[in-house]
Amino acid sequence: MLSKSQIAKLLSCSISRRKTDFYVASSCYLCNSFCTLTKPPERNESPEIPSWVKCLDDKSHGSPDADENFVIPSLASWVNSYGSYGRTEVAKVTSSDIEEINVEKVCKLLRNRYSSPDCVVAALNASGVGSSSRMIERILKKFSNDWIPAFGVFTWAKLQMGHHHPSVLCDLMVDILGKSRKFHLMWKLVEEIRMLEGYVTLATMSKVMRRLARAGKYQDAIEVFKEIEQFGVKRDVAAMNVLMDALVKENSVEHALEVFLQFKACIPCDIHTYNILIHGHCKCKQFDNARKFLEEMEQQGFEPNVISYTCFVEWYSREQDFHNVNAILDEMKKKGCSPNTVTYTILMQGLGKAKQINDALGVYENMKTIGCAPDPSFYSSLIYILSKAGRFKDAWDVYEDMGKQGVKPDLLTYNTVIAAACEHSQEETALKILKKMEEDSCKPDLKTYASLIKMCCRKKRMKVLQFLLNHMFKNDVSIEVSTYSLLVRGLCKSGKLEEACLFFEEMVARGIVPWETTYKLLVNKLDGMSMGKQKEHIQKLMSEAKEWAEI
DNA sequence: GTAGGGTTAG
């Protein structure tokens with residue numbers, strides 16, 4: 001039986017740079033050791049002892065009959081077919097297997113902490129691994145919260161292939177740099193691909209605008225929009241909507257409004273533009289202003305739709321102003337605009353938060369009579385509400401009922417059920433669902449793991465915690481500041497200070513600046529336990545992290 | 001990426 005690592009070892013020494021479609025992995029004819037990987041033999045080659053099988057290990061050969069299973073048996077997903085040549089069976093290894101192996105090899109290398117992308121490039125150059133765009137995409141997703149390895153691998157592959165990656169990959173890189181607030185590098189990359197035909201699109205500039213807005217650089221985001229034609233992207237309503245949406249989502253309806261007023265004369269807006277403005281104003285509880293835009297859109301000939309009204313329902317609900325919620329629902333009825341699943345979900349959530357559980361459950365009944373079908377998001381909210389009300393058993397029943405109703409759970413549903421199980425300390429159930437997700441090919445995300453990690457810290461389940469961290473890496477979920485904070489906070493609360501320090505250290509080593517609250521909590525705890533030495537160490541790490549952040 | 005995804009105290 002060949003292990004994945006044996007194949008990886010073998011492949012890495014010989015074939016990584018070749019481009020043939022498939023290779024043959026075979027075990028030695030004489031010994032059970034895993035030996036060689038070559039192109040398949042020609043049909044007319046002797047099947048007795050294929051000449052192309054050579055043993056790489058120079059170990060003394062025992063009797064070939066000692067172990068009947070010396071041939072390559074099941075390689076599961078690694079191998080898609082077998083051939084038989086005499087006593088040596090062969091397995092085809094496709095180019096996607098090679099990609100898999102290269103991805104693993106590169107990731108292993110990237111887990112060493114490099115201080116700059118250049119160091120990553122040098123290390124990868126020395127490794128002799130080959131690259132492909134598809135492979136880089138997978139690695140970038142794995143390291144999307146870790147800009148140094150991500151940018152290193154991106155640069156290395158570009159140099160190795162001698163040309164730029166496809167534009168979607170460039171967009172991904174732009175986004176990663178923006179997310180880490182490496183705006184200087186982000187711009188350098190954008191400038192670089194601007195020279196290439198068709199590379200910079202609205203998708204690229206959307207990443208730029210959204211990342212700038214997220215960093216609170218509202219004015220910079222607006223400047224990008226004003227100058228967008230210099231990048232070969234049309235300054236039209238689609239681009240304007242992206243900008244306004246980014247500004248609203250990052251809490252500046254004021255800037256969104258400024259853009260709207262400045263451009264409404266030259267860029268004809270659409271229904272989205274108005275809905276973004278309504279959403280923005282509802283979000284900061286400026287209901288009168290929101291109403292003004294609802295009227296303005298009508299005057300401009302755009303009939304308000306279910307999205308327009310649902311914004312009001314959401315934010316009146318959040319205010320627990322159910323009088324106005326009902327007024328909006330009545331208005332919708334009058335205008336012949338039916339609420340949809342989203343509207344009902346929001347309404348039910350609002351009632352749930354207001355602790356009006358029975359009214360919340362009534363929404364579900366109401367939907368059924370109207371014939372509005374619940375979707376996975378709706379069920380997730382229902383599960384959430386029941387769990388928060390301490391009714392885990394009912395929440396679980398709803399989850400099970402979904403299947404019977406033919407609604408497939410999605411990521412949100414799984415996350416909600418896992419969070420509910422964790423909150424009720426149902427460890428086994430929570431892990432069971434994690435497994436179920438795998439079976440359903442539903443990829444877990446940071447939130448999936450966050451609830452599980454929180455529970456493990458609380459219950460001091462260190463082994464399960466380690467299992468989860470490995471699980472995350474395998475699933476391409478990159479650990480970032482919120483996860484580290486969760487770990488440090490959770491372990492502090494459980495009195496596991498040594499472990500908390502280790503995670504704090506790892507976070508800083510990855511170039512992440514810890515949150516001030518996380519830092520203070522840890523230092524206070526260390527102080528309380530008279531762990532002076534560790535406290536000094538953490539203080540030193542924190543000031544280092546802050547220094548780097550400023551560079 | 002025009003609306004729902006639900007907490008960073010204690």
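Numbers restart at 1 for each chain; the letters A, B, ... are given by sequence-line order, proteins then strands.
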Aromatic ring pairing Phe503(A)/Tyr484(A), orientation class (parallel under 30°, perpendicular over 60°, tilted between):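 Plane angle between 30° and 60°, so tilted.
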Ring geometry between Tyr399(A) and Trp396(A) (parallel below 30°, tilted from 30 to 60°, perpendicular above 60°):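 Trp396(A) and Tyr399(A): tilted rings.
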Straight-line distance of Asp236(A) CG to Phe263(A) CZ, nearest 0.5 Å: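 Here the interatomic distance stands at 12.0 Å.
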Starting from [atom2] on [N], measure out to [atom1] on [X] and report it in whole angstrom.
X: Arg210(A); N: dT2(B); atom1: CZ; atom2: C1'; value: 10 Å
X: Ile307(A); N: dG1(B); atom1: CD1; atom2: C1'; value: 12 Å
X: Tyr309(A); N: dT2(B); atom1: OH; atom2: C1'; value: 15 Å
X: Phe293(A); N: dA3(B); atom1: CZ; atom2: C1'; value: 18 Å
X: Met240(A); N: dT2(B); atom1: CE; atom2: P; value: 14 Å
X: Asn340(A); N: dG4(B); atom1: CG; atom2: C1'; value: 10 Å
X: Trp315(A); N: dT2(B); atom1: CH2; atom2: P; value: 17 Å
X: Ile328(A); N: dA3(B); atom1: CD1; atom2: C1'; value: 13 Å

Sugar-phosphate, base or nothing in reach of Phe378(A), heavy atoms under 4.0 Å: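 Base contact.
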Flag, side chain of [X] to backbone of [Y], donor-acceptor distance under 3.5 Å:
X: Glu319(A); Y: Asp321(A); answer: no
X: Arg235(A); Y: Lys226(A); answer: yes
X: His281(A); Y: Asp288(A); answer: no
X: Thr483(A); Y: Ile479(A); answer: no
X: Arg458(A); Y: Cys422(A); answer: yes
X: Ser252(A); Y: His255(A); answer: yes

Base-contact (B) and sugar-phosphate-only (S) positions in nucleotides 5-10 of chain B, heavy-atom cut-off under 4.0 Å, - elsewhere: BB-B--
Nucleic acid contacts of residues 255-284 of chain A, taken as heavy-atom distances under 4.0 Å to DNA chain B: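 The answer is His272(A), Asn275(A), Ile276(A), His279(A).
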Spacing of the P atoms in dG1(B) and dG5(B) (rounded, Å):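 Going atom to atom, P in each nucleotide, I get 15 Å.
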Anti versus syn assignment for dG5(B), with syn defined as within 90° of 0: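 Glycosidic conformation of dG5(B): anti.
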